[in-house]
Visitor: 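Dropping the structure in here first, questions after.
Computed from heavy atoms alone, side chains included, the values below leave out hydrogens, waters and symmetry copies.
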Amino acid sequence: MLTSWLCAQAPLGAPPAPPQNRVTPAKAVLGKILFWEEQLSSNNRVACGTCHTFAAGGGDLRRSQHPGIDNNFGTADDHFGSPGVPASDSNNAYRPDSGFGFETQVTGRATPTFLTGAYFADLLWDGGASGTFKDPLTNQVVIPTGGALESQALGPILNHAE
């Protein structure tokens with residue numbers, strides 16, 4: 001029964017793109033390059049493709065314990081997230097993190113699949129990547145609606161654990 005239902009479904013078609021950031025062939029190539037670019041991380045060793053693995057359907061099979069909001073391991077708010085990078089200062093010198101020491105920090109989120117992300121108005125379980133995209137330097141709205149992917153793309157780059 002499920003097989004016949006799946007076969008009857010139409011393909012998704014091209015994902016929507018906000019008019020302020022239309023997809024072009026050059027942007028598609030740049031996106032593919034940046035997906036594997038490790039220099040965007042603080043330690044030059046992590047790329048989007050490090051966590052968003054094809055073998056896991058675009059998600060991350062790696063899971064590590066995160067201490068939660070209270071930053072204490074072994075309490076009720078602990079959860080599992082994706083491994084990130086060791087803490088470092090502005091000169092990229094490692095420094096101890098209050099929860100992880102010199103070990104790899106764990107992000108507050110488990111890496112979701114990227115396969116259908118372009119079809120959602122907001123991304124992340126809590127709407128953390130809003131469809132309203134704001135310039136991170138000026139806080140000005142650049143894309144009023146449909147900019148969830150643009151919002152999400154900044155998250156890991158600006159996150160100290162990633």
Visitor: Would you check if the side chain of Ser88 reaches a backbone N or O of Tyr94 as a donor-acceptor pair within less than 3.5 Å?
Guide: no
Visitor: Any ring-ring contact (aromatic ring centres under 6.0 Å, His included) pairs touching residues 74-93, not counting sequence neighbours?
Guide: His66-His79
Visitor: For the residue pair Ile143 and Pro18, establish whether any side-chain heavy-atom pair is separated by less than 4.5 Å.
Guide: yes
Visitor: Scan residues 33-44 for pairs that pass salt bridge (Lys or Arg N to Asp or Glu O under 4.0 Å), counting only residues two or more places apart or in two chains.
Guide: none
Visitor: Show me the donor-acceptor pairs, under 3.5 Å and distance only, between side chains in residues 152-161 and residues at least two apart or in other chains.
Guide:
residue : atom : partner : partner atom : Å
Asn159  : OD1  : Ala161  : N            : 2.7
Asn159  : ND2  : Glu162  : OE2          : 3.4
His160  : NE2  : Gln105  : OE1          : 3.4

Visitor: For Ile69, does its backbone N or O pair with a side-chain atom of Asp77 as donor and acceptor, under 3.5 Å?
Guide: yes
Visitor: Could you pull out all residues at least two apart from Lys32 that satisfy side-chain contact (heavy atoms from CB on, under 4.5 Å)?
Guide: none
Visitor: According to a hydrophobic-cluster definition based on side-chain heavy atoms being under 4.5 Å apart (Ile, Leu, Val, Met, Phe, Trp, Tyr only), do Val106 and Phe73 belong together?
Guide: yes
Visitor: Using the side chain to side chain donor-acceptor pair (under 3.5 Å) criterion, which residues pair with Gln65? Sequence neighbours excluded.
Guide: Asp78
Visitor: Applying side-chain contact (heavy atoms from CB on, under 4.5 Å), can you list everything that pairs with Ser90, at least two apart in sequence or on another chain?
Guide: none
Visitor: Check residues 52-61 and write down every donor-acceptor pair under 3.5 Å in which the side-chain atom is one partner and the other belongs to a residue at least two apart or another chain.
Guide:
residue : atom : partner : partner atom : Å
His52   : ND1  : Gly58   : O            : 2.9
His52   : ND1  : Pro112  : O            : 3.0
Thr53   : OG1  : Gly59   : O            : 3.0
Asp60   : OD1  : Arg62   : N            : 2.9
Asp60   : OD1  : Arg62   : NE           : 3.0
Asp60   : OD2  : Arg62   : NE           : 3.4
Asp60   : OD2  : Arg62   : NH2          : 3.0
Asp60   : OD2  : Ser82   : OG           : 3.0

Visitor: List for me each residue that meets side-chain contact (heavy atoms from CB on, under 4.5 Å) alongside Val23, sequence neighbours excluded, and say none if there are none.
Guide: Ala17
Visitor: Would you confirm whether Lys27, through its side chain, and Arg22, through its main-chain N or O, come within 3.5 Å as a donor-acceptor pair?
Guide: yes
Visitor: Please step through side-chain contact (heavy atoms from CB on, under 4.5 Å) for the pair Asn21 and Phe133, ending with a clear verdict.
Guide: CA-CA 11 Å; Asn21 191 18; Phe133 176 72; over 6 Å; no
Visitor: Which pairs pass salt bridge (Lys or Arg N to Asp or Glu O under 4.0 Å) with one or both residues in residues 109-119, sequence neighbours excluded?
Guide: Arg109-Asp126
Visitor: Using atom types as modelled, flag every donor-acceptor pair under 3.5 Å from a side chain in residues 96-104 to any protein atom, sequence neighbours excluded.
Guide:
residue : atom : partner : partner atom : Å
Asp97   : OD2  : Gly99   : N            : 2.9
Asp97   : OD2  : Phe100  : N            : 3.0
Ser98   : OG   : Asn71   : ND2          : 2.8

Visitor: Take a 6.0 Å sphere around CZ of Arg45 and say whether it holds more than 12 heavy atoms from other residues, nucleotides or ligands.
Guide: no
Visitor: Using residues 115-123 as the side-chain source, report each donor-acceptor pair under 3.5 Å to any protein atom, sequence neighbours left out, with the distance given to one decimal.
Guide:
residue : atom : partner : partner atom : Å
Tyr119  : OH   : Gly13   : O            : 2.5
Asp122  : OD1  : Gly131  : N            : 2.9

Visitor: Under 3.5 Å, side chain of Asp89 to main-chain N/O of Ala93, donor-acceptor pair present?
Guide: yes
Visitor: State which residues pass side-chain contact (heavy atoms from CB on, under 4.5 Å) with Thr145; sequence neighbours excluded, sorted by chain then number.
Guide: none
